[in-house]
Amino acid sequence: MVYLNKTDERTRANESMNTSKFTDLLFILLKKAWGDDWGVFTDSHPTMNDPKNFKFPQIVYELKMLQPGSLGSNKEIKPRFRDYTNTGVNGEKEYIREKGQTMDCTYRFYVYGNSNLEAENLTLNFLDLIGLYTGYLKSKGLKEIILSGVEKKDGNSVGDAYTVYLIQYDVQLEFFFNERVAHLEEIEVKVEDTYSKWKDDGSLPSQNDKNKTE
């Protein structure tokens, strides 16, 4: 079994995506798909004390939970090796080691409308938008997004002149971390990274009973 120069495709996305990139892309998608004047996408709930944010319709996003995610049957409790590249020039050896960590998130989207009809339609349109552009988001680093529920919220804290729907998604992202490994011999980098991978997979000779000596 040889792992040299081999990247585990199960752990790779085309790009990485953290929580900021996820909501930034949604912000842009909403504008490009619905136009600049569709409404407001923000992380701040409307209050009567802030007239600038008391505009409907609007969608308020909230990161409810973030924790290490699962890769197969195992949780990635810390970043693990993904790949490395040689960034040196003129024959110099200067490596960037890439590590990644899968993260499970729960996102809540509160959809505010001036009426029940406006809020309901905006909710349905948002669900359609996520469905239509899931493939694009995955190409940008999203690993998975699953709708876990939609509900109409009862009552509010700033009056009864609007309606709120709550959409909740379970989202899996992948964070990438780059480490500079300068001026190391190529074989040393390969040995170190291969050792880590084989150890995780239980493929080292010392981990195989038939290779052990009494």
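Counting begins at 1 with the first residue of the sequence.
Considering only heavy atoms from C-beta on, Trp38 stays 4.5 Å or farther from Asn125 through its side chain. Cys105 places a side-chain heavy atom less than 4.5 Å from the side chain of Leu63. Asp170 places a side-chain heavy atom less than 4.5 Å from the side chain of Thr106. A heavy-atom distance below 4.5 Å is not found between the side chains of Lys199 and Ser196. Proximity of Tyr195 to Asp193: side-chain heavy atoms (C-beta onward) are nowhere separated by under 4.5 Å. At least one side-chain heavy atom of Leu137 sits less than 4.5 Å from a side-chain heavy atom of Leu26. Under the 4.5 Å side-chain criterion, counting only non-hydrogen atoms from C-beta, Met17 is in contact with Leu25. With a 4.5 Å cut-off on side-chain heavy atoms, Pro46 and Val60 count as touching.
The closest donor-acceptor contact from the side chain of Thr23 to the backbone of Ser20 lies under 3.5 Å. Asp201 places no side-chain N or O within 3.5 Å of a backbone atom of Ser203 that could act as its donor or acceptor partner. Without hydrogens or angle criteria, Ser148 side chain to Gln168 main chain gives a donor-acceptor distance under 3.5 Å. Lys21 contributes a side-chain N or O that, together with a main-chain N or O of Lys140, makes up a donor-acceptor pair within less than 3.5 Å.
Ring centroids of Phe27 and Tyr61 are separated by 6.0 Å or more, keeping the two rings apart. Separation of the Phe56 and Tyr112 ring centroids falls under the 6.0 Å cut-off.
Taking all atoms of both residues into account, the shortest heavy-atom contact from Glu118 to Pro57 is OE2-CD, 3.8 Å.
Side-chain atoms of Asp104 and Gln172 form a donor-acceptor pair, as typed in the model, at a separation below 3.5 Å. Side-chain polar atoms of Asn116 and Tyr165 form a donor-acceptor pair below 3.5 angstrom.
Heavy-atom contacts from other residues, nucleotides or ligands closer than 6.0 Å to OH of Tyr133 number 12 or fewer.
Under a 4.0 Å N-O distance rule, the pair Glu120/Lys152 does not qualify as a salt bridge.
No continuous path of hydrophobic side-chain contacts links Leu173 to Met65 [ILVMFWY only; heavy atoms under 4.5 Å].
Atoms CG and OH, from Leu127 and Tyr169 in turn, are 4.5 Å apart once rounded to the nearest 0.5 Å. Once rounded to the nearest 0.5 Å, the distance linking CG of Leu129 with CG of Leu124 reads 12.5 Å.
Using bins of under 30°, 30° to 60° and over 60° for the plane-to-plane angle, the ring pair Phe109/Phe126 lands in the tilted bin.
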